[in-house]
Structures are given as C-alpha cells and as structure tokens.
Amino acid sequence: MAAGYAEILRTRHAARLLAGTLTGRLPNATAAIAVVFFVRAEGGSYSLAGALTAVYGVATAVGQPLLGRAVDLYGQPRVMLPASVLSALGMVLLAVAGIDPVAVAYAAVLVAGLATPPLEGGLRALWPSVLTREEQVHTAYAMDAIAQEVMFTVGPLLVTVSIALWSPAAALLLINALGVLGALSVVLSGPSRSWRSAPREAHWLGALRSPGLLALLGSFFFVGLALGAIIVAASAYADDHGSDTMYGWLMAANGLGALLGGLVYGARRWSGAPEKRLRILVALLAVGYLPLTLVPGLPAMAALTVVSGLFLAPSIACAFIVVDRHAPRGTVTEAFSWLVTAFGVGTALGTAAAGPAVELGGTGASFAVAGGGGIAALVVLLATQRVLAAPGCPRSVEGVDENDRNRAVEPGFSSGHQA
C-alpha cells in the first residue's frame, strides 16, 4: 500500500511541493482557533471572536477563486507569494493592534482572508508536470487529501503549544511566518516557476461556465455542510457526557477514518468513469453519517465516528479528478479554488445550522444535520448525472504542453475520453 506513496515522494520536487503547500496553508487551517484564543486573551468576547472568524472565512471564500483565476492568467509566483505576504501582514496587524479599535481588527482579518493564496489548487495544478504517469497523479490526489487530515490535526496542536510557550499573539506571528516560508518554498521550485495554464477562452464566468463543475460544487457544498455539523455535534456530545477531552477523541477518530480510507483508496489503481465512482463514494459517505444520530456510548460512538470518516478522503480525492475533467481549458486552478470555496462555505453553514439543531432537538438532531447534508450531496450528484456523464470540454492529447494541468486524467482515460 505504501509503495505508491513512497514512489511519489521520491520523485523530484514532489516532497518539497507537498511539504511547502501544507506549511503555506497552516495560517488558513489554524485561523479559527488562533483568532479565538487571541481575542479572548485581549479581553474580547466570544461573540467578537466568532464574528472575526466569520469575516475571515467569508473573505477567504471570496478570495480563493479570484486568486485562482489570477494564477491561471499570470502564473504561480507572481500571485502566490505576494498574496501570502499580504495575508500574513493582515494577521501581523491584528497581533500588533489588538482588538481596539475593533474596526482595525475587522480590516486585518478581511485582508488576511482575501489574500489567502490558493496553494491547495496550485498544488493539484502542478502534479501532472511533476509525475510521469497518469496513475501517479491519481495517487497524489489521494495523498493530498490524506495530508490535509494530518495538517488539520497538527496545525491546532502547534497553535496551542505556541500559546503555552509564548502568547496568542506570538502564535499568530509564528503560524503566518511559517505560511510565508511554505509559499516561498513552493513558488521558488522549478515546477511552480515553469508552470503555465493552457490557453483559455475569455469568459467572465471563467471556470463556472462548466455545468459539470457547477454540479460538483453543489454536491460538495453539502459535504462541507455535513462536516461542519459534525464539528458542532461532537462538541455537544462531549458536553452531554461532561468531558471536554471527549470532543478531541471524537474528532481524532473521524480524522483516523479519513486517513485510513484515503490510504486504501490511493493505493489502488481504479478504472471506469470517476463520475460514477464519486456517486458511490458519496453514497457510502452519507450512509456513514446516519448512524451517528443514535448517539450511543463513547466506545460505540468512537467506532461510528471512524466509520463516518472512512469515505471522506476518497470522495475528495475522486472529486479532484472530476474537477480536472470538467474544468474549462485554462481554468483549472480557479476550478479547484471554487471547490475549496464551496466546501468551506458549506462547512460554515453546517456549523451554523447544527447549533440551533442542538438547542431544538438535542445532540441527535445535530448529527441528523450531518446525515441530511450527506444525503443532499448524493441527491445533487444523482440529479446531475447527465451533465456529469462526460467532460463538457473535450481535449485533444496531441499538442498538449507538459505543464498543461488539464492533461491530468484518470487511469484508463485520455484527455476526458475513455480509452
């Protein structure tokens, strides 16, 4: 199982790009917890902390596809590094100025969010120019999804350790300094400097003119909603059982499930249309969420939480392939960034919906929000089978530049057509 991943990491530039991207994304992965700790240390309320975090999240959702389009037009170094520095300066302003005046704090997180570099989409754009075989790209997508689980576990731990050793302000500065260094490592690499998007048709909608991409975004909005609901529901479950540490165990169990599922999925070479496989994976993901509504005792709940995470990383990895097949030519970074935005907005709304569900119907109701999100994601995919049946923008193998991200295809396929 590990042989395929090891082969990719031994490929020139691969380990550097993966590590640099994950490090560069640390500020975004830890922003919520870092901002909350900082605001509370400054004497601010939880309401202010939540509002600042929400502004950051919305700004990131808006900025990602815009910066992704800029990357497709102008290349990675000219966009990624300035954006990373500007985003870090926004958080530096917050750390130095504090929360008084509050308008400066809002402006700081707004800038930090809008300028968050689209490193996630950028990495997926680079894999085809780094890896030599199509099946390696497929495995790299799975490895990418697995690495995200690790980052979202290690990142908050790094913040809490930094706070314990120094202060919440120092944690903000450290995380964002690491983010700039990570982005710098990526953009100075050979693949990033030489990558160019395929020629694109001028269109104000950009990647969003693809019906298949819109269908996928709609589905993964609800996948994000389900995940956001689980975050709140797990906290409510821990409160019901009088143990704050139980929340950490449940989220770790969910992450473990995603890690195991991603490892198994990426170790196998898949055949057949990825759109069909994605429907199966999302169906299994939805089924895994439903038993959580039973809210059993901790041992059983931990096991169910592991199961609920098993198909998350495989679904995301498969979605990467589908995005690549349906993104209009020359818009692939923007398309991946839209997927990040849809997922992030769904997660935010999932946390918002699960809170009232706890108050109205208890912990089981909040887990039901997650189950409903999974079912809705599947319904969207089933209702849009026609537009997802085949890529909307056929591409020719001949004459494709080696840095053209759109040539990365599923094993058994060639530029969006079955072999």
Side-chain angles (χ1 to χ4, degrees), residues 1-26 71-72 75-77 80-81 117-151 154 178 181-198 258-271 274 313-314 316-325 327 332-333 335-336 339 395 397 400-415 419:
M1 180 185 297
Y5 297 109
E7 181 183 17
I8 289 174
L9 292 175
R10 286 194 300 266
T11 302
R12 188 184 180 195
H13 301 298
R16 172 180 176 173
L17 290 172
L18 181 63
T21 297
L22 292 176
T23 304
R25 291 177 57 206
L26 272 176
V71 167
D72 286 328
Q76 294 196 359
M80 297 283 200
L81 186 57
L119 289 164
E120 189 173 353
L123 175 63
R124 291 160 201 157
L126 292 177
W127 282 132
S129 63
V130 173
L131 304 173
T132 57
R133 300 194 308 274
E134 293 168 355
E135 64 268 21
Q136 287 184 311
V137 176
H138 174 86
T139 303
Y141 284 156
M143 185 173 66
D144 190 356
I146 295 166
Q148 289 186 62
E149 297 299 326
V150 176
M151 180 187 66
V154 174
L178 289 174
L181 291 176
L184 184 64
S185 176
V186 171
V187 301
L188 290 181
S189 68
S192 179
R193 287 186 287 111
S194 62
W195 182 85
R196 296 294 182 273
S197 177
L259 180 64
L260 293 175
L263 286 172
V264 173
Y265 178 82
R268 176 177 172 179
R269 180 174 180 176
W270 298 89
S271 61
I316 293 173
C318 189
F320 296 160
I321 295 289
V322 177
V323 167
D324 180 65
R325 285 161 56 85
V332 70
T333 309
F336 278 124
L339 184 66
R395 303 160 185 133
V397 175
V400 177
D401 182 83
E402 68 175 359
N403 291 317
D404 179 2
R405 173 64 181 80
N406 289 319
R407 74 188 181 97
V409 294
E410 184 78 344
F413 286 81
S414 178
S415 295

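Every value quoted in this text rests on a predicted model; they were computed, and no experiment measured them.
Closest non-hydrogen pair, Val187 versus Pro77, comes out as O-CG, 3.7 Å. Across all their heavy atoms, Ala140 and Leu131 have their closest contact at CB-CD1, 3.6 Å. Gly261 and Pro314 get closest at one heavy-atom pair: O-CG, 3.4 Å. When all heavy atoms of Ala313 and Gly262 are compared, the pair lying nearest together is CB-CA, 3.9 Å. Considering all non-hydrogen atoms of both residues, Ala142 and Gly266 come closest at CB-CA, 3.4 Å. Between Val332 and Ala125, the closest heavy-atom pair is CG1-CB, 4.4 Å.
Panel note: side chain Thr23, backbone Gly20; no donor-acceptor pair is recorded below 3.5 Å. Looking only at distances, a side-chain donor or acceptor of Arg16 sits under 3.5 Å from a matching main-chain atom of Ser185. Between the side chain of Thr21 and the main chain of Leu17, a donor-acceptor pair closer than 3.5 Å is present. No donor-acceptor pair closer than 3.5 Å links the side chain of Trp127 to the backbone N or O of Gln136. Between the Gln76 side chain and the Gly122 main chain, a donor and an acceptor come within less than 3.5 Å of each other.
The line from CG of Asp144 to CD1 of Ile316 is 9.5 Å long, rounded to the nearest 0.5 Å. Here the straight-line distance linking atom CG of Leu26 with atom CG of Leu119 works out to 10.5 Å at 0.5 Å rounding. Distance check: Leu126 CG to Thr333 OG1 gives 8.0 Å after rounding to the nearest 0.5 Å. For the atom pair CG of Leu188 and CE of Met80, the computed distance is 13.0 Å after rounding to the nearest 0.5 Å.
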query: Step by step, would you call Phe336 with Leu123 a side chain to side chain contact (heavy atoms under 4.5 Å, CB included)?
result: CA-CA 10 Å; Phe336 278 124; Leu123 175 63; over 6 Å; no
task: Start with the C-alpha distance between Val71 and Trp195, add both sets of side-chain angles, then the distance that settles side chain to side chain contact (heavy atoms under 4.5 Å, CB included), and finish with yes or no.
output: CA-CA 10 Å; Val71 167; Trp195 182 85; 3.9 Å; yes
- request: Assess whether side chain to side chain contact (heavy atoms under 4.5 Å, CB included) is satisfied between Ile146 and Tyr5, documenting all intermediate values.
  value: CA-CA 11 Å; Ile146 295 166; Tyr5 297 109; 3.7 Å; yes
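Residues Leu9 and Met143 form a side-chain contact, since some pair of their non-hydrogen atoms from C-beta on lies under 4.5 Å apart.
Residues that satisfy the side chain to side chain donor-acceptor pair (under 3.5 Å) test with Thr139, not counting sequence neighbours, are absent from this structure. In terms of the salt bridge (charged side-chain N to carboxylate O under 4.0 Å, His left out) criterion, Arg12 has no residue partners (sequence neighbours excluded).
Listed by first then second residue, pairs satisfying salt bridge (charged side-chain N to carboxylate O under 4.0 Å, His left out) with a partner in residues 17-26 read Arg25-Glu120, not counting sequence neighbours.
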